[in-house]
Enquirer: 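Supplied in structure tokens, the structure appears directly below.
So you know, we letter chains A, B, ... as the sequences are listed, proteins then strands, and number each from 1.
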Number of protein chains: 2
Amino acid sequence: MNKNATHNHQETIRSARKALLNDETILGLTETFKVLSDPTRLKIVLALSREEMCVLDIARLLGVTESAISHQLRMLKTLRLVKHRKEGKMVFYSLDDEHIEDLIRVATRHISE
Amino acid sequence: MNKNATHNHQETIRSARKALLNDETILGLTETFKVLSDPTRLKIVLALSREEMCVLDIARLLGVTESAISHQLRMLKTLRLVKHRKEGKMVFYSLDDEHIEDLIRVATRHISE
DNA sequence: TTAATACCTGAACATCTGCTCAATCGTTCC
DNA sequence: GGAACGATTGAGCAGATGTTCAGGTATTAA
């Protein structure tokens with residue numbers, strides 16, 4: 001007997017469909033993963049996990065231009081991962097998300113095995 | 001007195017540097033997040049979290065071509081997230097990573113708040 | 001052998017991404 | 001006021017990304 005005949009495609013698809021999440025959730029998840037998928041942004045998040053920093057200090061720390069950092073910070077701010085505070089000429093950024101560090105921690109454990 | 005003068009840039013950068021991870025870890029993390037940052041790949045992973053599936057069933061489930069799925073499966077296979085098993089004409093794919101579901105779970109909790 | 005099925009592959013394509021550069025804004029100091 | 005400094009912005013660009021398309025391999029069935 002053909003083993004393939006024992007495989008019910010319809011049933012498999014129906015069952016797998018239950019594991020899928022709704023489109024809105026999928027979009028939110030991919031957005032979250034995408035923001036952490038760039039080295040510069042990930043480093044910014046890690047740096048801010050300790051204390052707030054001004055734009056220029058982040059730029060110097062990571063060895064990139066202020067402009068590049070500013071662009072990324074805008075994205076992080078839009079996604080509500082960071083918040084900012086003005087003080088004179090400087091703008092201090094800090095983490096605005098308690099869960100993002102958990103995510104990085106779980107992922108770190110994942111790659112170390 | 002100027003408040004900015006109280007901010008020690010050198011010390012801030014030195015402190016933040018400790019929170020950064022080595023380049024290899026950063027690369028591994030961004031690679032992990034990137035693979036989950038595409039809706040098609042994320043859905044494939046979710047679908048395979050229940051049971052193994054052949055390429056055509058995945059394609060039908062997600063409403064995309066076999067080719068597109070095959071390309072993504074190759075990437076997932078390269079990154080050791082999935083494994084495959086041949087059975088006649090069909091190739092069954094299944095998850096090859098126990099931790100990736102934890103990551104999705106933590107991220108799901110994150111976006112729901 | 002021929003046809004059909006399941007899957008894979010490489011090239012081409014449009015789109016997206018992250019950076020640089022130049023210009024600009026806002027604040028502070030002289 | 002003007003110069004200096006920190007930060008932001010928009011345009012432009014090179015590289016990456018995901019899909020389609022056409023063609024290919026491998027296996028099975030007639």
Enquirer: Going only through I, L, V, M, F, W and Y residues with side-chain contacts under 4.5 Å, is there a path from B:Ile111 to A:Leu27?
Expert: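 Per the 4.5 Å side-chain linkage, B:Ile111 and A:Leu27 are not co-clustered.
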Enquirer: Dump the intermediate steps for side-chain contact (heavy atoms from CB on, under 4.5 Å) on A:Ser94 and A:Glu51, then the final yes or no.
Expert: CA-CA 7 Å; A:Ser94 58; A:Glu51 57 181 327; over 6 Å; no
Enquirer: Using whole Å, what does the distance between atom P of nucleotide C:dG10 and atom CE of B:Met75 come to?
Expert: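 Spelled out: CE on B:Met75 to P on C:dG10 is 16 Å.
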Enquirer: Strictly below 4.0 Å: does A:Tyr93 bring a side-chain N or O up to OP1 or OP2 of D:dT8?
Expert: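 Looking at the OP1 and OP2 atoms of D:dT8, one of them is under 4.0 Å from a side-chain N or O of A:Tyr93.
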Enquirer: OP1 or OP2 of D:dA7 sitting under 4.0 Å from any side-chain N/O of A:Ser70?
Expert: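 A:Ser70 to D:dA7 OP1/OP2: no side-chain N or O under 4.0 Å.
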Enquirer: Any donor-acceptor pair under 3.5 Å between the side chain of B:His71 and the base of D:dT20?
Expert: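 Between D:dT20 and B:His71, which were checked side chain against base, a qualifying N/O pair under 3.5 Å is present.
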Enquirer: In whole Å, I'd like the distance from the NE2 atom of B:His84 to the C1' atom of C:dC7.
Expert: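 Those two atoms, NE2 and C1', are 11 Å apart.
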Enquirer: Looking only at side-chain N and O atoms, does B:Gln72 come under 4.0 Å of OP1 or OP2 in D:dT17?
Expert: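 The answer is no; no side-chain N or O of B:Gln72 sits under 4.0 Å from OP1 or OP2.
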Enquirer: For A:Asp97 and B:His110, does a side-chain donor sit closer than 3.5 Å to a side-chain acceptor?
Expert: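 The answer is yes; a qualifying pair exists.
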Enquirer: Tell me: CD of B:Glu66 to C1' of C:dT5, nearest whole Å?
Expert: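 B:Glu66 atom CD is separated from C:dT5 atom C1' by 9 Å.
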Enquirer: Choose from C:dC7, D:dA26, D:dA7 the nucleotide whose nearest atom is closest to any side-chain atom of B:Met90.
Expert: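 Between C:dC7, D:dA26, D:dA7, the one nearest the side chain of B:Met90 would be C:dC7.
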Enquirer: Separation of A:Lys86 atom NZ from D:dG6 atom C1', in whole Å?
Expert: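 Rounded to the whole Å, the gap is 9 Å.
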Enquirer: Is B:Arg14 paired with B:Glu11 through a side-chain N to carboxylate O contact shorter than 4.0 Å?
Expert: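 Yes, charged N to carboxylate O under 4.0 Å.
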Enquirer: Which nucleotide wins on minimum distance to the side chain of B:Cys54, given the candidates C:dC7, C:dT27, D:dT19?
Expert: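 In terms of side-chain proximity for B:Cys54, the closest of C:dC7, C:dT27, D:dT19 is C:dC7.
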Enquirer: What nucleotide among D:dT27, C:dG26, D:dA7 has an atom nearest to a side-chain atom of B:Lys89?
Expert: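 In terms of side-chain proximity for B:Lys89, the closest of D:dT27, C:dG26, D:dA7 is D:dT27.
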Enquirer: Atom CG of B:Leu62 to atom C1' of D:dG18: distance rounded to whole Å?
Expert: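 Atom-to-atom, B:Leu62 to D:dG18, this comes out as 14 Å.
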Enquirer: If Ile, Leu, Val, Met, Phe, Trp and Tyr residues are connected whenever their side-chain heavy atoms lie under 4.5 Å apart, and connections chain through other members, are A:Val35 and A:Ile26 in the same group?
Expert: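 Same cluster.
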Enquirer: When rounded to the nearest 0.5 angstrom, what is the spacing between CD1 in A:Ile58 and OG1 in A:Thr40?
Expert: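 That separation rounds to 11.5 Å.
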Enquirer: Using only side-chain N and O atoms of B:Arg74, determine if any of them is under 4.0 Å from OP1 or OP2 of C:dC8.
Expert: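 For C:dC8, neither OP1 nor OP2 has a side-chain N or O of B:Arg74 closer than 4.0 Å.
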Enquirer: Rounded to whole Å, how long is the line connecting atom CG of A:Asp38 with atom P of D:dG15?
Expert: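 Roughly 17 Å, once rounded to whole Å.
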Enquirer: Using a cut-off of 4.0 Å on non-hydrogen atoms, how would the nucleic acid contact of A:Lys77 be classed: base, sugar-phosphate, or nothing?
Expert: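 No contact at all - A:Lys77 keeps every heavy atom at 4.0 Å or more from the nucleic acid.
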Enquirer: Picking from D:dA7, D:dT28, C:dC7, which would you name as closest to the side chain of A:Val91?
Expert: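 Looking only at heavy atoms from C-beta outward on A:Val91, the closest nucleotide is D:dA7.
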Enquirer: Quickly work out the A:Glu87 CD to D:dC5 P distance and round it to whole Å.
Expert: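 It is 19 Å, rounded to the nearest whole Å.
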Enquirer: Do the side-chain N or O atoms of B:Ser67 get closer than 4.0 angstrom to the phosphate oxygens (OP1, OP2) of D:dT20?
Expert: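 Checking B:Ser67 against D:dT20: no side-chain N or O falls below 4.0 Å of OP1 or OP2.
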Enquirer: When you measure from the side-chain N and O atoms of B:Thr40 to the phosphate of D:dT19, is any distance below 4.0 Å, counting only OP1 and OP2?
Expert: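 Result: yes.
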Enquirer: Below the 4.0 Å mark, does C:dG18 have OP1 or OP2 next to a side-chain nitrogen or oxygen of A:Arg41?
Expert: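 The answer is yes; a side-chain N or O of A:Arg41 sits under 4.0 Å from OP1 or OP2.
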Enquirer: Please determine if a side-chain N or O atom of B:Lys34 lies less than 4.0 Å away from the OP1 or OP2 oxygen of D:dT17.
Expert: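 Affirmative; the distance criterion is met.
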Enquirer: Find the distance B:Leu36:CG to D:dT17:C1' and express it as a whole number of Å.
Expert: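 Atom CG in B:Leu36 sits about 16 Å away from atom C1' in D:dT17.
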